[in-house]
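Quick notes on the structure that follows.
Bear in mind the structure is a predicted one, so any value in this text is a computation, not a measurement. In the text below, chain A, chain B and the rest are named by the order of the sequence lines, each starting its count at 1.
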Amino acid sequence: MSERYDPKKIEERWQGFWLDKGVFEVKEDPSKQKYYCLEMFPYPSGNIHMGHVRNYAIGDVIARYKRMRGLNVIHPIGWDAFGLPAENAAIEHGVHPARWTEENIDKMKSQIKRLGLSYAWGREINTSSPDYYRWNQWLFIKMFERGLAYKRKSSVNWCPSCETVLANEQVEDGRCWRCDTDVIQKELEQWFFKITDYAEELLGFCDKLPGWPERVLTMQKNWIGKSEGVEVDFPVKGSEKKLRIFTTRQDTLYGVTFMSLAPEHPIVSELVRGTSYEKDVIEFVEKTKRLGSLLRTSGEIEKEGVFTGSYAINPLNGDEVPIWVANFVLMEYGTGAIMAVPAHDQRDFEFAGKYGLPAKIVIISADSPSPQSSPPRGEEIKRNFPLPSGERERVRGAELMESAYEGEGIMVDSGPFTGLRTEEGKDKIASFIEKEGFGEKKVNYRLRDWGISRQRYWGTPIPVVYCDRCGIVAIPEKDLPVILPVDVEITGKGGSPLSEVESFLKTDCPKCGGAARRETDTMDTFVDSSWYFIAYCFKNGKIEFNAERRTPNEETGYWMPVDQYIGGIEHAVLHLLYARFFTKVMRDLGLIMMDEPFSNLLTQGMVIKDGAKMSKSKGNIVDPNYLIDKYGADTSRLFSLFAAPPEKDLEWSDQGVEGAYRFLGRLWALISRYKERLKGPEGKAGFNDLYGQGKALYRKTNQTIKKVTNDIEKDFHFNTALASLMELVNMMNSFEPESNNDLRVLKKTIETTLILLSPFAPHISEELWQTIGHKESIILVAWPSWDEEALKEEEVLIVIQVSGKLRGKIYLPPNSDDGIIKEAALSEKKVAEFIKDKEIKKIVVVRNKLVNIVI
RNA sequence: GCCCAAGUGGCGGAAUUGGUAGACGCAAGGGACUUAAAAUCCCUCGGAGGUCUCCUCCGUGCCGGUUCGACUCCGGCCUUGGGCACCA
């Protein structure tokens, strides 16, 4: 052992040791409780960044800790290897995506291995390998057979310069992220997964995931966006046609003063055909379409519309109301048509104001002066809205309103429903509509089906062919995988690269044997990451699903679900929602048993430097490789864990890293100093044989065990766990053993420190563990438990307050009687001075804590 | 606009159920060792004031409330960060 701590001399050696012994490889063992610890797998960009270090350090502490608690821990890693960057590298540097990816994986793997993480490398997966993506294809076919994968026309982001589809994330301020060209909307045939079939279950289970952060669940709930209401048919005047609308405010049906249609609504052209309105309406529709859905849904453009010349009839009261086309109505949501209630919907209010359309008040606030028994009408309503009139006076009938009243209240001017509270009115009107056949109750979701088609090369080929005779035909299971051809020219232009590959494109129809062509789109890479955690469960990475068997595989049955999942908050919705969806689909296919993939979720904060997220473009990157070179893996891990609790953002600090390094150096020096003397005394020192500083150190050791254990168990607050270990090391540093018993306690404390530290800084812990004479690896040592008896202090500090202000401190034996405490407090010198000549009103005693003398 | 977090020293952050605010670390200042520096070790370290080893007052974004006692609970604001955003 060298005098000075030099991580270079030890870390590689221990990494090799763990690898050779295969200590992190696991197999299922029904006699042992399992623990599945998983960090979100990386995209092989070529270099790890501090976010990875933090993520993996957190996961590794948990995995190593649980292993020492005797659990059968599976802690796998792999590569999210398909994706656009590989294709961009091909475009820019002419390197094949497969080669680029492979080289990056090699590079990143060696970087990750330098961190000394406890991965079961034997289970490593690579989503770009045919062994993996064949199961993407297999799952796709199973979903296709069940109608969960389907094809339809859909509007996509299209860059006219790059001639390719862009994902929403790749559109920045309406422009292509690569060439700055304005992105347009284009109708394309796309494959979709029917995630909406699972909307209700995905939403419902949000309340059954206690191990998930509340804000992630809230984000998912908002994303799913359930809303309950009714669909109502409004007959079109002078025609057989009916206009179906969706509303959640059926209680305002008596306040409808016009209708608004989405420009894309098919009835628009029917209504205006051959009328004098046709030209204006078509022009407006075209103009709106050109805006693109991104801009239209941004809320930034002004509400505009045009009258169609037609009228609809309100089925409840027979009112005839004009039908307009409005740019803010979306075809994708509800029915693409809405009833407009300017008095109670702000958007309608603004629209009505602009075009001079009337409003009708049908809800008044329950706080307004009118009693429920005789609801107000006409002029009286206006009196109850004594708002100053302003620029909105063109909204006839609501001249005194500044804005729509969207709140709850009492229904007025609503025929037989007048006088009801809104909640009750909603129910009654919904039932009435169903009874009269005007429409039906309806639940709508904001969640859309998941479009998975990508006009790109580096992804899983969608396993279908198009046959002129048979139509869309899925590839039979036995012919999987559909291999992604290697010989492809990638230009970044002209849509799907695969459509240029003749040998891939041309095939025979599996059904009729005739000529057919293959689908040339590939799958969204989110498909790959939607079930990879299940793939890890298979021995030697040999994935095997069997839908005929209908009984889940033994391995997945043992390991799933993931007990602890750790990753960035940026995946709060997409990846985590898709993974939940896939789990449910796979359950329904009989492949696995559980409803949810991740029992507990930890969303770690970002790594920040100089007030901003570390990123290449900001130039505030800290390279983990440099850090490991300079300080070693243990210091890098330690700082990531010590600087902040995992869920919070971590502010980078070069000096903070120095601090972590110094701590390990002090521990090293301490053990180096005592190494020889610790070999002397054998046997254990019992708590009762101890006194003075030896006893104090023994107590502190036990307190530290408790603190570290609880901090890990409760909420993974490693920063405070490490702080308490630092305190213990500080105490040892000022400890001066005077007896063999003292030395025995010191040895015990050193051992405990190393065991407690080993999940955080495994290399130095192994090394020092060996230095003090242990033969077996520290990994195999059981996590210590604390001696409850030893925790107790001989004296407890009792704080004395006079009227809530701290005035003195006394030490008393624990659990002293209130009377004794009072007496001691009152006679304390300083306290006595404060209360002298004053009348004591009350004395509050909190046992073992404090006395408050109120004067 | 709506929803959700979070505001504590010069900085990162501590503070079980309301009970000593500032653990631990960093930075800073002083000292030791050294020819010198680095490294290491020791001391001080929220602010103001005083009769300065000790004591007083103020202090956890702001204003109020509950309580013997509030960083912690309640009400109302302000600021920052994140998510959603014409979803009918």
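Nearest nucleotide to the Arg347(A) side chain, out of G12(B), C84(B), A88(B): A88(B). Among the nucleotides C84(B), A27(B), A88(B), the one closest to any side-chain atom of Thr248(A) is A88(B). Distance from the side chain of Val854(A) is smallest for C68(B) among the nucleotides A88(B), C3(B), C68(B).
In a base pair of the Watson-Crick type (N1 to N3 plus N6-O4 or O6-N4) or a G-U wobble (N1-O2 and O6-N3), with each distance short of 3.5 Å, U44(B) is matched with A28(B). Base pairing annotation: C2(B) forms a Watson-Crick or G-U wobble pair with G83(B), both donor-acceptor distances under 3.5 Å. With a 3.5 Å ceiling on both atom-pair distances, the Watson-Crick or G-U wobble partner of G75(B) is C63(B). In this structure, A70(B) forms no base pair with any nucleotide, since neither Watson-Crick nor G-U wobble geometry is met with both distances under 3.5 Å. Remark: U35(B) base-pairs with no nucleotide; criterion is Watson-Crick or G-U wobble with both hydrogen-bond distances under 3.5 Å. Both distances falling under 3.5 Å, in either a Watson-Crick or a G-U wobble arrangement, occur for no nucleotide opposite G9(B). Nucleotide U20(B) forms a pair with no other nucleotide shown, judged by Watson-Crick or G-U wobble geometry with both contacts under 3.5 Å.
Using a cut-off of 4.0 Å between Lys/Arg side-chain N and Asp/Glu carboxylate O, Asp348(A) and Lys303(A) are scored as not salt-bridged. Between Lys707(A) and Asp711(A) a salt bridge is recorded (basic side-chain N to carboxylate O distance below 4.0 Å). Here Glu406(A) does not pair with Arg249(A) in a salt bridge; the nearest charged N to carboxylate O distance is not below 4.0 Å.
Note: CH2 (Trp223(A)) to C1' (C87(B)) measures 12 Å, nearest angstrom. If you measure from atom CG of Asp649(A) to atom C1' of G13(B), you get 14 Å, rounded to the nearest angstrom. Ile712(A) has its CD1 atom 17 Å from the C1' atom of U16(B), to the nearest Å. Distance, Leu330(A) CG to A85(B) C1': 11 Å, rounded to whole Å. Straight-line distance from the CD1 atom of Ile843(A) to the P atom of G69(B): 15 Å, rounded to whole Å. Regarding Gln346(A), its CD atom lies at a distance of 15 Å from the C1' atom of A85(B), rounded to whole Å. A straight line from NZ of Lys630(A) to P of A38(B) spans 15 Å, rounded to a whole angstrom. Phe351(A) has its CZ atom 14 Å from the C1' atom of A88(B), to the nearest Å.
Counting heavy atoms from C-beta on, the side chains of Val851(A) and Val831(A) never come closer than 4.5 Å. Annotation: side chain of Lys849(A) is not in contact with side chain of Val799(A) (no heavy-atom distance under 4.5 Å). When side chains are defined from C-beta on, Pro266(A) counts as touching Met331(A), because their heavy atoms get closer than 4.5 Å.
Of the C1' atoms belonging to A6(B) and C62(B), the separation is 16 Å, rounded to the nearest Å. When the C1' atom is compared between G12(B) and C84(B), the two are found 31 Å apart, to the nearest whole Å. Comparing the C1' positions of A37(B) and C43(B) gives a spacing of 22 Å, expressed to the nearest Å. Spacing of P atoms, A28(B) relative to G10(B), comes out at 16 Å, to the nearest Å. As rounded to the nearest Å, U80(B) and G29(B) have C1' atoms that lie 33 Å from one another. Comparing the same atom, P, in U79(B) and in C63(B) gives a spacing of 16 Å after rounding to whole Å. As rounded to the nearest Å, G31(B) and G9(B) have P atoms that lie 30 Å from one another. For the P atom pair drawn from G59(B) and U72(B), the interatomic distance equals 13 Å after rounding to whole Å.
Dashed line: the shortest gap from a side-chain N or O of Lys830(A) to OP1 or OP2 of C55(B) is under 4.0 Å. Applying the 4.0 Å criterion to OP1 and OP2 of U56(B), one finds that Arg807(A) has a side-chain N or O inside that range.
Ranked by how close their nearest RNA chain B nucleotide is to the 5' end, Phe246(A) and Lys805(A) are led by Lys805(A). Of the two residues contacting RNA chain B, namely Thr218(A) and Gly334(A), the nearest-nucleotide position lying further toward the 5' end is that of Thr218(A).
C4(B) shows a glycosidic angle more than 90° from 0 and is accordingly assigned anti. With its glycosidic angle within 90° of 0, G9(B) is assigned syn.
Using a 30° and 60° split on the angle between ring planes, His575(A) and His571(A) fall in the perpendicular class, above 60°. Between Tyr661(A) and Tyr5(A), the two ring planes are tilted [angle within 30° to 60°]. Ring geometry for Tyr578(A) versus Trp450(A): interplanar angle under 30°, hence parallel rather than tilted (30 to 60°).
Within the cation-pi definition used here (under 6.0 Å to the ring centroid, within 45° of the axis), Arg4(A) does not qualify as a partner of Trp668(A).
A side-chain N or O of Gln604(A) and one of Asn55(A) form a donor-acceptor pair less than 3.5 Å apart. With no hydrogens or angles considered, a side-chain donor-acceptor pair links Thr196(A) and Asp449(A) at under 3.5 Å.
Only one option out of Val329(A), Val321(A), Val325(A) pairs with Met259(A) in a side chain to side chain contact (heavy atoms under 4.5 Å, CB included); it is Val321(A).
Residue contacts shown for Asp348(A) are absent, as no nucleic acid heavy atom lies under 4.0 Å away. If you check every strand for non-hydrogen atoms under 4.0 Å, Lys714(A) touches nothing.
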Treat primed atoms plus P, OP1 and OP2 as sugar-phosphate and everything else as base, then score nucleotides 18-24 of chain B 5' to 3': B for base contact with protein heavy atoms under 4.0 Å, S for sugar-phosphate contact only, - for none.
-BB--BB

Assign a letter to each nucleotide of nucleotides 40-48 of chain B from its 5' end: B, base within under 4.0 Å of a protein heavy atom; S, sugar-phosphate only; -, no contact.
SS-------

Check step by step if side-chain contact (heavy atoms from CB on, under 4.5 Å) holds for Cys206(A) and Arg580(A).
CA-CA 10 Å; Cys206(A) 283; Arg580(A) 293 182 61 211; 3.8 Å; yes

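Only Ser227(A), listed by number, bring a heavy atom of residues 225-232 of chain A to less than 4.0 angstrom from any atom of RNA chain B.
Judged by distance alone, with hydrogens and angles left aside, the side-chain atoms of Asn852(A) form no donor-acceptor pair with the main-chain N or O of Lys842(A) at under 3.5 Å.
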